[in-house]
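The sequence lines fix the lettering, A, B, ..., with proteins before strands; numbering per chain opens at 1.
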There are 2 protein chains.
Amino acid sequence: MSDLEQISLELEARGYRVTPSRRAVIAAILARKNHFAADELAKRCRGAGRATVFRTIRLLNDLGVVCRVLMDDGSPRYLVSRSGHHHHLVCTECGTVQDLDQCAVSGALREIADASGYEIEGHWLELYGRCAACRAKAAVSA
Amino acid sequence: MSDLEQISLELEARGYRVTPSRRAVIAAILARKNHFAADELAKRCRGAGRATVFRTIRLLNDLGVVCRVLMDDGSPRYLVSRSGHHHHLVCTECGTVQDLDQCAVSGALREIADASGYEIEGHWLELYGRCAACRAKAAVSA
DNA sequence: GGCCGAGTTGATACTAGGTCTCAACTGAGA
DNA sequence: TCTCAGTTGAGACCTAGTATCAACTCGGCC
């Protein structure tokens, strides 16, 4: 079963209609190799209007099909990603984004909660750096 | 020495002029008890235009006088805060923001760097939860 | 004092990244 | 077939800024 079909089934299972516009947006998203800006997708995606593209991205975000990444310049991007709680490693050179399996702060949260009196409900973490490939490239050219 | 004077001196030391507009923006910022939106400040601050308010906030951000906090709904706010690397604990109920002394991820970063091959250069972390006061209030009213 | 030039200002236009509105369309079920 | 909720796209609008540019300010120099 293709990813498109899988996502369509997921949408139907949640009571959403799988319309041509939504299929177009999903196909456009799946065609992207790495992250994308919502507006850029709206421009490329001839099969759906801007509002529909934004709505569909939000829908897929709720479904856990895509997730939002904040780049180091603060601009938001979207990424086809696994669902559930995870974080991202963003390469500041080539822009690739890598999922992080473990949650780097889960251990520290309890400590912080104890110290501050807060009941911590959520957190937002992005890591920025240079990926192995870019480092290797830099080492060769240096 | 008042905070306003201290910041003015800091600006002068860096070669910036301390103009009436800047003093008005700084005074308006210092008058805020908690975080504020840049646009909201621009509306309240009669002594300076919108562009100047945004420029001054950026300047103070560079100086480390204020810092940017991302609320849990994604909207940016500014906060008079200590300079240097630190994170924030945002109360999702009353909106107060508390500085976090320790960096919760510094320990985990090396591990992640080793596992991923990334050279980690920076990170962005915000924590969201309910502060002690809001929890106490909820416990009483329950 | 007058001049110069860099720094600063505010109005305004513009941009990115979205959300809201609303009339029109669609499609599943009665 | 009718109905009605879900969906759509155009376009207006919003927030959070940045860019532009002519005008202003101020310190230093003659």
Practice item. In whole angstrom, give the distance that lies between atom CG of A/Asp39 and atom P of C/dA16. Key: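 Roughly 7 Å, once rounded to whole Å.
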**Study point:** A/Leu70 CG to C/dA16 P, straight-line distance once rounded to whole Å
**Key:**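 It is 17 Å, rounded to the nearest whole Å.
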Review point. Can you list the steps and then say if A/Leu59 with A/Leu11 is a side-chain contact (heavy atoms from CB on, under 4.5 Å)?
Key: CA-CA 9 Å; A/Leu59 194 58; A/Leu11 277 174; 3.6 Å; yes
Practice item. Starting from the 5' end of DNA chain C, give me the residue, B/Arg50 or A/Ser75, whose nearest nucleotide shows up first. Key: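 Nearer the 5' end of the strand: B/Arg50.
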Can I get a per-line list of side-chain donor-acceptor pairs under 3.5 Å for residues 119-134 of chain A, giving both atom names and the distance, sequence neighbours left out?
residue  : atom : partner  : partner atom : Å
A/Glu119 : OE1  : B/Arg130 : NE           : 3.4
A/Glu119 : OE1  : B/Arg130 : NH2          : 2.9
A/Glu121 : OE1  : B/Thr92  : OG1          : 3.1
A/His123 : NE2  : A/His85  : NE2          : 3.0
A/His123 : NE2  : A/His87  : NE2          : 3.1
A/Glu126 : OE2  : A/Leu70  : N            : 3.1
A/Tyr128 : OH   : A/Leu70  : O            : 2.6
A/Arg130 : NE   : B/Glu119 : OE1          : 3.4
A/Arg130 : NH1  : A/Glu93  : OE2          : 3.3
A/Arg130 : NH2  : B/Glu119 : OE1          : 2.9

Exercise for review: Under 4.0 Å from any atom of DNA chain C, heavy atoms only: list the residues of residues 52-68 of chain A that qualify, in numerical order.
Suggested key: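 Residues of residues 52-68 of chain A under 4.0 Å from DNA chain C: A/Phe54, A/Arg55, A/Arg68.
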**Study point:** Near-strand residues of residues 41-49 of chain B, defined as heavy-atom separation under 4.0 angstrom from DNA chain C
**Key:**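 B/Gly47, B/Ala48, B/Gly49 - these, ordered by number, are the residues of the stretch whose heavy atoms sit under 4.0 Å from the strand.
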Exercise for review: Verify side chain to side chain donor-acceptor pair (under 3.5 Å) between A/Ser2 and A/Glu5, making sure each step is shown before the conclusion.
Suggested key: CA-CA 5 Å; A/Ser2 76; A/Glu5 283 172 83; 3.2 Å; yes
Practice item. Could you list the residues that satisfy side-chain contact (heavy atoms from CB on, under 4.5 Å) with A/Arg44, not counting sequence neighbours? Key: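 Listed in chain order: A/Arg32, A/Glu40.
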Please name the pair of heavy atoms, one in [X] and one in [Y], separated by the smallest distance, quoted to 0.1 Å.
| X | Y | answer |
| --- | --- | --- |
| B/Val25 | B/Ala48 | CG2-CB, 3.8 Å |
| A/Ile57 | A/Phe36 | CD1-CE1, 4.1 Å |
| B/Cys67 | B/Asn61 | CA-OD1, 3.5 Å |
| A/Arg135 | B/Gly117 | NH1-O, 2.9 Å |
| B/Phe54 | B/Ala38 | CE2-CB, 3.5 Å |

Point to revise | Residues B/Arg110 and B/Asp114 bridged, charged N to O under 4.0 Å | key: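 No, no charged N to carboxylate O under 4.0 Å.
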Review point. Does a salt bridge link A/Asp39 with A/Arg50, judged by any charged N lying under 4.0 Å from a carboxylate O?
Key: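 Salt bridge: yes.
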Exercise for review: For the pair A/Leu100 and A/His88, evaluate side-chain contact (heavy atoms from CB on, under 4.5 Å) and give the outcome as yes or no after the intermediate values.
Suggested key: CA-CA 5 Å; A/Leu100 214 58; A/His88 300 113; over 6 Å; no
Practice item. Between A/Ala51 and B/Arg77, just flag the one whose closest nucleotide in DNA chain D comes earlier from the 5' side. Key: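 Upstream on the strand: A/Ala51.
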Practice item. Using the heavy-atom set of chain B and a strict 4.0 Å cut-off, write down the first and last nucleotide of DNA chain D that makes it in, 5' to 3'. Key: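 With heavy atoms of chain B under 4.0 Å away, the range is D/dA16 to D/dC26.
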If you restrict it to nitrogen or oxygen atoms, what contacts under 3.5 Å exist between nucleotides 24-26 of chain C and the protein, and what is each distance?
residue : atom : partner : partner atom : Å
C/dT26  : O2   : A/Arg17 : NH1          : 3.2

Practice item. Quick one: do B/Leu79 and B/Asp99 satisfy side-chain contact (heavy atoms from CB on, under 4.5 Å)? Show the steps, please. Key: CA-CA 10 Å; B/Leu79 191 67; B/Asp99 278 2; 4.3 Å; yes
